[in-house]
Structure formats: structure tokens, C-alpha cells
Amino acid sequence: MSALKILNLPLNQLTELPPEIGQLTSLQTLVLSYNQLTELPPEIGKLTSLQILSFVSNKLIKIYPEIVKLTSLKKLNFSHNQITKITPEIGKLTSLRELDLSYNQLTELPPEIVQLTSLKELNLNHNQLTELPPEIVQLTSLQTIEIQGNPLKKPPIELASQGIEKIRDYFRQKQEAGEDTLYEAKLIIVGEGGVGKTTLARRIKQQNCPLPQENESTKGIDIQQWYFPFEGIEKDFRVNIWDFGGQEIYHATHQFFLTKRSLYAVVADSRNESPKLPYWLEIVELLSNKSPVLLIKNKKGNRKVQINESALRGRFENIKEFLPINFADDHPNRHDELDNIINSLKYHIQTLDHIGTTLPKTWTQIRHKLEAILKEKQKNYISLNEYLAICQENGVNNQKDALQISQFLHDVGVILHFQDSLESPLYKTVILKPEWGTDAVYKVLDNPQVVENLGKFTTTDLANIWSDPEYGEMLPELLDLMRKFKLCYKLPNAENIYIAPQLLTKEPPNYEFSQTDSLNIKYEYEFLPKAIMIRFIVEMSNLIDEPNVWQTGVLLKRENTYAEVIESYNKRELNIKLNGDNKRGLLEIITNQLEEIHKSYNQLKVKTLIPCNCDKCKNQQKPYLHPLPVLKNFLTNNQDQVQCQNTGNMINILPLIGDTIGEKIFTNITTERNIPNPPQPPEIPPVVVNINNTGNDQPEANNNNKINWQSIAAIGGTIAAIATIAWTVYTYYNPSPKSNQQPSTPSQNSTPKP
């Protein structure tokens, strides 16, 4: 056994490794994933030939010094453990190319990590890192760094998540210009229209300001600044208050502005407290990655705000406090209640993860200059050339650095500068006042003529709507902004005619769609964001079978194939039916687009279902629907049949998939998304050992190197035949035995790889 080169022991219940493992001196690959290991024996340091070592999903709390003796290691995976610290000696692993430390409890990286001169891939997702060591820029071979899910301040997470080049630029600029510390945050106020959001925003700054008029409501977004002293620093803490219009027409832009770096105030009152409150809590959770929430209960008259606080706390762990208020001027406790809210806001804002983020000093200088132009010159936007000139005046001469600054300011909501298309008018424009852009957009959606025309408008209409001097010659830019926000699409085969789908009729038009031999698929949502269907219609506009489109549905056509996509909001469902010559081809386009939309939400929980193809279900109006993740798990566990829950019949899974959606689509829509914790391993018999001995196939005669077989048994159990075990391991890591299946591509936060 001294020639053993590969040892796979995943999915066992190993709690320790025997010292005899150190005798496997020819071992090149060792997989110990999905076990219960809490420590490693010193003898593991004798495996000096080891190139691949995987400890995914164990209970290790540190990287043991013995690991650094494995100087031949090229791939090391410690993801999904409980590691809090990395030994500085890790720098001795100079051959290491891939290092995965994701889903641990790391709070810092040792500077010695720069000695990993061969490192190309570094995964640090979902730890507790607040900063990266500046020395990381010395890892000149590093091509990929994953850093999502960390409370990173140095560099800011918005920047670091864009990759190693942006990180290098950040440290270089900070070294050249010095640094400034950010004491600033967003307070985002959301809730239904008329519940008191604007009153709260104004009275945070001035407690005795008058109540808004009855007909006064926020159109889109209103942004104000609030300053208060911050203990321990010389300058005031700055809060940007974003007051969101509550009307449903404004919900479509939430995806762009409900962000991290924010404290949320969700306002409910005694008239509108009921079914719509969970919507706001759900949408905040999805789009802001569970940022903290204060729930403001605005009592009107003598009616109490009826909220089941314990139930909401049980469902939404990011709710920090429930705070009562009565904004009526004659209410005796108004000032005390408002003081309590303001004190709570100050406390929770100061404890946000990003407070204390450091930026290159030139970045804050440029930002202050942009704000001065907005305030003093009343300019809502400037050209890209003007912006670059401002950067040069403040010591940033490199255009790449200047664009990095504007991208960061865009990401945190200070300005709008879209850089995804160099041909877009918006690339050449820096919008200094985001609400100026959103106000212009909603002037279109609120326009009586556009509403009367069910969302249809022309560029001539836009010229009339945006005729005020503040919009100048900005029609192309503002129209492009509407399209960036997915609020309209150009009508195919029509000159300068656009449709805003949220203003379409609510009633479906009359059209024919054959149910015979149709292909059906359903998405079930635990929570269905209101903007999903609108975004889908905009993204698929080139395939719409005009005029068959309405607010909650659309008929698509591609060559001789039709697809009916209908949202049932109250049921939290999206139903897709296809008919024609190439159903799977069109379904692939639809599912790919929906998957892209789903990924834009944080941990959106979606279940995909396909109809059973058993003899009875085939002819039924409501066949049993099989959840696709269940089918995938069965295949992963090497089980090729599943039971129809309507008839009890056993169905072959591969023909079921092939008859309905095909393997390629199956792979795409069962890819794991946004898994915050390691999944439980599947219930299959433990894989004991995988032997791939490229040396002598016969046991060695020399007993000096004899392996203790009882120890090997302790590691994994009885050794089975090589072919049987190899097949078991293969089927575990390769769910489908068909040779033409494409492997799924895991997302950033996907199931850990051994």
C-alpha cells in the first residue's frame, strides 16, 4: 500500500485520523470532506507527496502547523469549517495554486500569505474579515479572489468584490494619496403610501416641522442629509435619508437602491398595517442582505397599530426594534416617542458593519467637489469629460482610477454612473443627483396621457414630458436610464415607440394557445417580488407576440413555437406553457432569463416543478408536479426512479426529464444558488476508500512499510473492490451517468466542492 496515490473518505463519520496515515508517503490526493474531524495528527505532515488536500465541511478550528510541511500541495480546501485563525507558517506552501477558506470564522489574514507566490485562486467568501492586508498586492500570480459575505472595510466590499485588480488599484491609490475614514450611512425609509414616511424623514432633522399636506406624497425617491455628532471623531456623522414613494408603480426601481450599507425604517400605520407589511420586510431582506430594520408603528387617531410582533421577530431576524409614534401635533408623548426613535436610529447606524471604511483621500476630495457642484452650481449632472477634469485637479490623472472612483460612488448610491456599455449615453454622463434621474423617470410613468395609453409613449411624448429646463438636452440619457431600470422596452418593428409594462392592462387579451402536447413548467416562490414579471417582460421584449402582453403575463413567439408565461401573484407562482416545433429551445431561453433575474436577489427561494409523465398524469388537467431539486438529489444518490404522489407509480427520472425539459435545462435550473451554510450530505452509504494505485498492483513483500489494516479500517471501513469503489465515487461526484451531460456551474455561494 505504500504506492497508494489517491484516498477518498468523504461522507463518513470520522472523528479522528490514526497516526498510521503518515505511512502513506506516496499519497498525492487525500479527500476527507463531510466528516467530523476536529483536529489532525502530527503524522499528516509526513505526506510530502500530497498535491490535493480537502477538508470541506468538518469541525476544524485552526490550520495546523503540520499542514505547512506539505510543500508539494497545489490545492488546499478548508471551506465550511470553524477556522478562526491561519498560522503564519502557511507562507511555506510556495507550490500552492488554489486555497479555499470560505465559510469559516476568519477575522484576519496573516501578512505571510504574500509568500504564496504560486497562488492563483483564493476563496475567502463568508468569513468575518474586516480588512485585507496591503501585502496581498504582492501576490503577483493571483488571478481570482472571492470575498463576498465579509464585513470588509479595507478595501470596501463593493470594490473588493470586483476582483484582485480593483484591490490592487485601491491599495496603490491609498499609498499614493493617504487615506480618509468614512463615517456615513444610508437610512432608507419604506412602507405603503401615506403611512408617515415623509413625516418621519423630515422630523428626524427638525422635530417641529409641519406635517405634509394630505395630497403631498413622495414621487419616486426624496434624499436628505442629516448630521449628528459622533463620539470619538472630530467631524459629524453623515446620514443620507432616502424616503421612498410607497405606490406600487415605484417598486420596480427598488432593486437599484435598496442596498447594503443601510439601516432600514419600515413604517406602518393603523390604517395600512395589514397584509402589505410583510412585503416590505421581505423585499428589504432580499435586496439588502438582511440589513437591520426598525419597524416604526405610526398610530393615527385612537386606533392602535395591530402587528403580531413575536411572529414577525420569528420570521425576520433583522428586525431590531418596534418603535411607536404618533405624529399628531397635539399628541402629548410625540416628542418623547420621536426622541426614542432618533436615539435608536443613531445607535443602529453607528453599529453598521461598514462604519470606519477607509478610502484613498483623493476619493473623498473628488466626492466633496462633486457635491459642491451639485449644491453651489445646481448642476444635476456633468459630462464624463468634466468629471475626468475634476479628478485631474484632485491628483487622479489615470482614467482607470477615475472610473474606479465613480463606480464606487455609484455602488454606494452617491451618484449614478453606468459603465457597462461604452456606447450608452449614460456612460458619458455622471448624474450627481440620483433622485433627479428617478424623478424624471417617474414623470413618465405618472403622466396621465401615458397612463391612458396603457404605458405606450413616443420620443415626442418624452420631449413634452421632459420639457423643463432642468432636463435640458438629456432625453437620450433619461430614456436610457428608464431602460437600465427595466421600466420600458422599445416596441419591435416600430419607430420610437416604447412600452412601460407596469402600465399595461391587467386583463389578458384574447388569443389562442393550444394545450395539446404542451410542455409545462412552474416556478413556486416562497416570496414573489413584484418586479420580477415586469423585468421578465422587458428582457424578453424582442420575442413578444404583440399585442399579447399584459401586466402579469405575456405570450412569446420564436419561429413556430409559442410560450405563455403567466404570474399568479397571490399564489406566488409563475406558470410557463409551451407549444410548437422547438419547445425546449424556447424554454431554455426563458429559464436562463429567469435564472438571471432570480440571482439578482439575495437568497430568493424558488422551487421549480415539472409535470409527471406517468400514464394517468399525462391526460390529467392537474398532473402531479415533481420538484426538480428532488429529482436531482435522487440522481445524485444513484437512484433512477421517483414515485408519482398522485398514483403511486414509479417513474424513471431520466425519461421524465428528457420528455419534458431536457437535461441541459434541468442542469441550469437546479444549480444551487446562494447557500449560506453547508448542505447536509446525501443519505447514501459511506464511501470508504478509493484506490487509484498507478504503481505495483500487488501488495509489497517488504513488511517494513506495511500498512496497519486495522488503522485503514478505522479511517474508512472495509476496503472494497477497486472498480466498485471507483464507480461509487464517480457517481457521487458525477450525478448523471450520461456522457453528454454538461456539468453545472456552481455560483459563488454554492455547495462546497471536495
Side-chain angles (χ1 to χ4, degrees), residues 185-205 211-212 215-226 239-269 271-273 276-298 316 318-319 323 325 327 341 345 348-349 410 412-416 431 433-446 481-482 484-487 502 527 529-532 534-535 600-602:
K186 278 186 186 179
L187 169 62
I188 297 181
I189 305 176
V190 296
E192 291 299 300
V195 295
K197 301 186 301 297
T198 300
T199 304
L200 174 64
R202 292 177 181 176
R203 289 194 167 175
I204 287 172
K205 297 177 61 179
L211 291 170
N215 60 350
E216 185 180 355
S217 62
T218 301
K219 303 289 186 181
I221 304 169
D222 181 52
I223 303 176
Q224 306 175 49
Q225 277 71 48
W226 169 41
V239 181
N240 301 304
I241 303 175
W242 290 55
D243 174 17
F244 276 76
Q247 290 75 14
E248 191 165 327
I249 195 72
Y250 305 134
H251 291 187
T253 51
H254 287 165
Q255 59 183 308
F256 296 96
F257 301 114
L258 299 190
T259 59
K260 294 179 290 187
R261 290 185 176 270
S262 305
L263 173 67
Y264 285 80
V266 178
V267 185
D269 73 3
R271 299 170 306 130
N272 297 290
E273 72 283 354
K276 296 181 179 179
L277 178 58
Y279 173 84
W280 294 103
L281 296 171
E282 293 274 11
I283 204 70
V284 167
E285 183 178 69
L286 283 178
L287 292 174
S288 74
N289 196 21
K290 298 185 178 180
S291 290
V293 169
L294 304 183
L295 206 156
I296 312 298
K297 302 185 298 180
N298 180 21
F316 300 100
N318 56 332
I319 297 180
L323 300 167
I325 185 70
F327 284 121
I341 289 175
L345 290 172
H348 289 288
I349 282 173
H410 172 99
V412 299
V414 174
I415 63 173
L416 294 177
I431 297 176
K433 188 177 181 181
E435 65 266 41
W436 169 84
T438 56
D439 286 349
V441 165
Y442 287 116
K443 282 177 74 73
V444 178
L445 300 181
D446 289 330
L481 186 62
M482 290 191 71
K484 289 286 185 190
F485 287 165
K486 313 300 179 188
L487 297 178
Q502 56 268 62
F527 165 71
K530 291 182 179 179
I532 280 186
I534 300 301
R535 288 178 62 183
S600 67
Y601 294 90
N602 177 56

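- How far CD1 of Ile319 is from CD of Glu285: 9.5 Å, rounded to the nearest 0.5 Å.
- Minimum interatomic distance between Pro292 and Ser262 (heavy atoms only, all atoms of both residues): CD-O, 3.8 Å.
- In this structure Ala440 satisfies the side chain to side chain contact (heavy atoms under 4.5 Å, CB included) test together with Trp466, Tyr471, Leu478, sequence neighbours excluded.
- Side-chain contact between Ile325 and Lys297: absent, with no pair of heavy atoms (C-beta onward) separated by less than 4.5 Å.
- The distance from the CD1 atom of Ile223 to the NZ atom of Lys433 is 8.5 Å, given to the nearest 0.5 Å.
- Using modelled atom types and a 3.5 Å distance limit, the side chains of Glu192 and Trp280 yield a donor-acceptor pair.
- Closest of all the heavy-atom pairs between Ala265 and Ile296 is CB-CG1, 4.2 Å.
- Nearest heavy-atom pair, Gly196 versus Phe327, reported as atom, atom and distance to 0.1 Å: O-CE1, 4.0 Å.
- Phe485 meets the ring-ring contact (aromatic ring centres under 6.0 Å, His included) test with Phe256, Phe257; sequence neighbours excluded.
- Across Val293 and Leu263, no two heavy atoms sit closer than the pair N-CD1, 4.5 Å.
- One distance of note links CG of Leu187 with CD1 of Ile241; it measures 5.5 Å at 0.5 Å rounding.
- Residues Phe316 and Pro278 come closest through the heavy atom pair CZ-O, 4.1 Å.
- Here the side chain of Asp243 pairs no donor or acceptor atom with the backbone of Asp222 at under 3.5 angstrom.
- For Lys205 and Trp226, the positive end is not near the middle of the six-membered ring at less than 6.0 Å and at most 45° from its axis.
- Interatomic distance, OG1 of Thr199 versus CG of Asn298, reported as 7.5 Å (0.5 Å rounding).
- A donor-acceptor pair shorter than 3.5 Å can be found between the side chains of Gln225 and Asn240.
- Contact record, Leu277 with Ala268: CD1-CB, 4.3 Å, taken as the closest heavy-atom pair.
- Between Leu323 and Leu295 the shortest side-chain heavy-atom distance does not fall below 4.5 Å.
- The closest side-chain heavy-atom distance from Val266 to Leu294 is not below 4.5 Å.
- Phe527 has its side chain within reach of Ile283: a pair of non-hydrogen atoms, C-beta onward, lies under 4.5 Å apart.
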Query - Stepwise side chain to side chain contact (heavy atoms under 4.5 Å, CB included) check, Lys530 with Tyr279 - result: CA-CA 9 Å; Lys530 291 182 179 179; Tyr279 173 84; 3.5 Å; yes

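- With sequence neighbours left out, the side chain to side chain donor-acceptor pair (under 3.5 Å) criterion links Arg203 to Asp329.
- Proximity of Asp439 to Val441: side-chain heavy atoms (C-beta onward) are nowhere separated by under 4.5 Å.
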Query raised in the report: So Val239 and Gln224, side chain to side chain contact (heavy atoms under 4.5 Å, CB included) or not? Walk me through it.
Result: CA-CA 8 Å; Val239 181; Gln224 306 175 49; over 6 Å; no

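- Atoms CG and OG1, on Leu487 and Thr438 in that order, are 10.5 Å from each other to the nearest 0.5 Å.
- Interatomic distance, Leu200 CG to Ile341 CD1, rounded to the nearest 0.5 Å: 6.0 Å.
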Query raised in the report: After noting the C-alpha distance and the side-chain angles of Tyr264 and Asn318, does the key distance pass the side chain to side chain contact (heavy atoms under 4.5 Å, CB included) rule?
Result: CA-CA 10 Å; Tyr264 285 80; Asn318 56 332; over 6 Å; no

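- Geometric assessment of Lys197 against the ring of Phe244 yields a negative cation-pi assignment under the 6.0 Å and 45° thresholds.
- You'll find the side chain of Ile534 stays beyond 4.5 Å of the side chain of Lys486, heavy atoms only.
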